[in-house]
**Student:** 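Here's a structure for you.
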2 protein chains.
Amino acid sequence: MITLTEENYIKAIYHLGKYGVNNVSTNAIAKEMETKASSVTDMVKKLSEKSYVDYKKYQGVTLTQKGKEIAINIVRKHRLWEVFLVEKLNFSWDEVHEVAEQLEHIKSKKLISQLDAFLEFPTHDPHGDPIPDKMGHIKKIDKILLSEAEIGNDCICVGVQDSSSEFLKYLDKNNIALGTELKVCHREAFDNSITIKIKTKELIISNMIANNLFVKIS
Amino acid sequence: MITLTEENYIKAIYHLGKYGVNNVSTNAIAKEMETKASSVTDMVKKLSEKSYVDYKKYQGVTLTQKGKEIAINIVRKHRLWEVFLVEKLNFSWDEVHEVAEQLEHIKSKKLISQLDAFLEFPTHDPHGDPIPDKMGHIKKIDKILLSEAEIGNDCICVGVQDSSSEFLKYLDKNNIALGTELKVCHREAFDNSITIKIKTKELIISNMIANNLFVKIS
DNA sequence: AATAATTTTTAGATTTATCTAAAAATTATT
DNA sequence: AATAATTTTTAGATAAATCTAAAAATTATT
Ligand SMILES: [Mn+2]
Ligand SMILES: [Mn+2]
Ligand SMILES: [Mn+2]
Ligand SMILES: [Mn+2]
């Protein structure tokens, strides 16, 4: 039996290790989990004992195949529940994460496969993140950060990097949602802010905003 | 903050105390929770400390107003989730309890009020048990056990006493569901088994079955 | 290469929920 | 009313997950 705490550690290690980082450090996990490094060391030993991670003292951890499967299944559940909350229960995209953090730990294979079917097999969650399929396969689309787009590019919003409530509300306020089409008009050299055009309306956004919005060149 | 364990104890005390029993005994709780009496004593002290129950040594416990509200809210969540599983995710009535036991602990007011609306404010769960409303009000219908019905009575099935998978599957097998109409034809004095007629088909059911099926005289 | 800074681990405590075994209180039976 | 049976509580242990403080290892800087 895997505990809720173990699941959360595995998920954290997965997210930290997902972009090439092979050995996730104790401190990184501690920061992600909002706990102390000493607690992480204890847990990491336990996870290693249970073969969810490979661990060598002072060298950080990597998920084993078994660990990776568990992590991906939790991510799958999290994202399916987020879709459910938005599509069926009228939650807005900035309200779903907290509840999904709880729902992702519910254990029932049938529940998830039926939920998946009920939602008509969605491929992405409300923040544009891909939903792993039943086999754990994740198909990633070629998205770039808006900050990396070139002047003149016609783009379509496909995701967010930061999915904090504050950022999502900022986007809502400026009528930017997934699917919104925009054109990159100008980049200010001084602060890297960029001017974008949505339909006919121009909007200046900071580099920090542009760094947290994924787009696809259309 | 209330823990999952505390919630389960409060729910158990609620169910044990719901039919008039004012002081729920340590042993009764231990049996319900599948734990030891000594563990119950420890927890009951904690619940008393937190004002969820009134407790006097050797006298058993009663839920306080606060405790009762928590219990009813958990029951509400449990039953709403059961409806969701059956109505939306095609679970059968013998599969829902286990999952609902997990889902009932998810903490989000919005989730439950939206789920309630999504399900169009159901009044009863798949086993015929009433769903408390947002205010905690439970309206109980006048149902009797089939074993208490009289010969000649035309009845309609409205609930089950035992909602174990085995019993529910027995009912499925014999085409008895909530809403099924039946007539009580004969009672065998020897073993209190009764003969019922569903549509045109006669069926003999044991007293034990009749003792676990609620009906309304129609 | 030596020293300093940082990271990670160990040692030992604490909290929560559980257990067993024994003592105390209550209830039932003679 | 005394004794027996049952229930409930206490005392003390254990396992999981956390913490603080200090030691050990690694990495960065002089
Ligand atoms: Mn999320
Ligand atoms: Mn998401
Ligand atoms: Mn149930
Ligand atoms: Mn039910």
**Student:** Does any donor atom in the side chain of B:N8 or B:H105 lie under 3.5 Å from an acceptor atom in the other side chain?
**Tutor:** yes

**Student:** Rounded off to whole Å, could you give me the CE-to-P distance for the A:M43 and D:dC19 pair?
**Tutor:**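 Between P of D:dC19 and CE of A:M43: 11 Å.
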
**Student:** Given that A:K36 and A:E6 both sit by DNA chain D, which one's nearest nucleotide is further toward the 5' end?
**Tutor:** A:E6

**Student:** Send over the distance from B:M33 CE to C:dC19 C1', rounded to a whole Å.
**Tutor:** 15 Å

**Student:** Can you see which heavy atom on B:T64 is nearest to which on B:S51, and at what distance?
**Tutor:**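 Heavy-atom minimum between the residues: OG1-O, 2.8 Å.
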
**Student:** Report, as yes or no, whether the 6.0 Å neighbourhood of atom NZ on A:K88 holds more than 12 heavy atoms from other residues, nucleotides or ligands.
**Tutor:** yes

**Student:** Going by atom types alone, do B:N207 and B:S147 pair a side-chain donor with an acceptor below 3.5 Å?
**Tutor:**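 No pair is found: no donor N or O on one side chain lies under 3.5 Å from an acceptor on the other.
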
**Student:** Which label fits B:W81 and B:F84: parallel for a plane angle under 30°, tilted from 30 to 60°, or perpendicular past 60°?
**Tutor:** perpendicular

**Student:** Do the side-chain N and O atoms of A:W93 and A:D125 include a donor-acceptor pair separated by under 3.5 angstrom?
**Tutor:**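 There is no such pair (donor and acceptor under 3.5 Å, judged by atom type) between the side chains of A:W93 and A:D125.
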
**Student:** For the residue pair B:H78 / B:H97, report whether a side-chain donor-acceptor contact shorter than 3.5 Å exists.
**Tutor:** yes

**Student:** If the sugar-phosphate is the primed atoms plus P, OP1 and OP2 and the base is the rest, what is the B/S/- string for nucleotides 5-11 of chain D, using protein heavy atoms under 4.0 Å?
**Tutor:** --SBBB-

**Student:** Which dot-bracket notation, 5' to 3', represents the base pairing of DNA chain D when pairs are defined as Watson-Crick or G-U with both distances under 3.5 Å, crossing pairs as [ ], and inter-strand pairs as |?
**Tutor:** ||||||||||||||||||||||||||||||

**Student:** Honestly, is A:K45 close enough over A:Y55, meaning NZ or CZ under 6.0 Å from the six-membered ring centre and within 45° of the axis?
**Tutor:** no

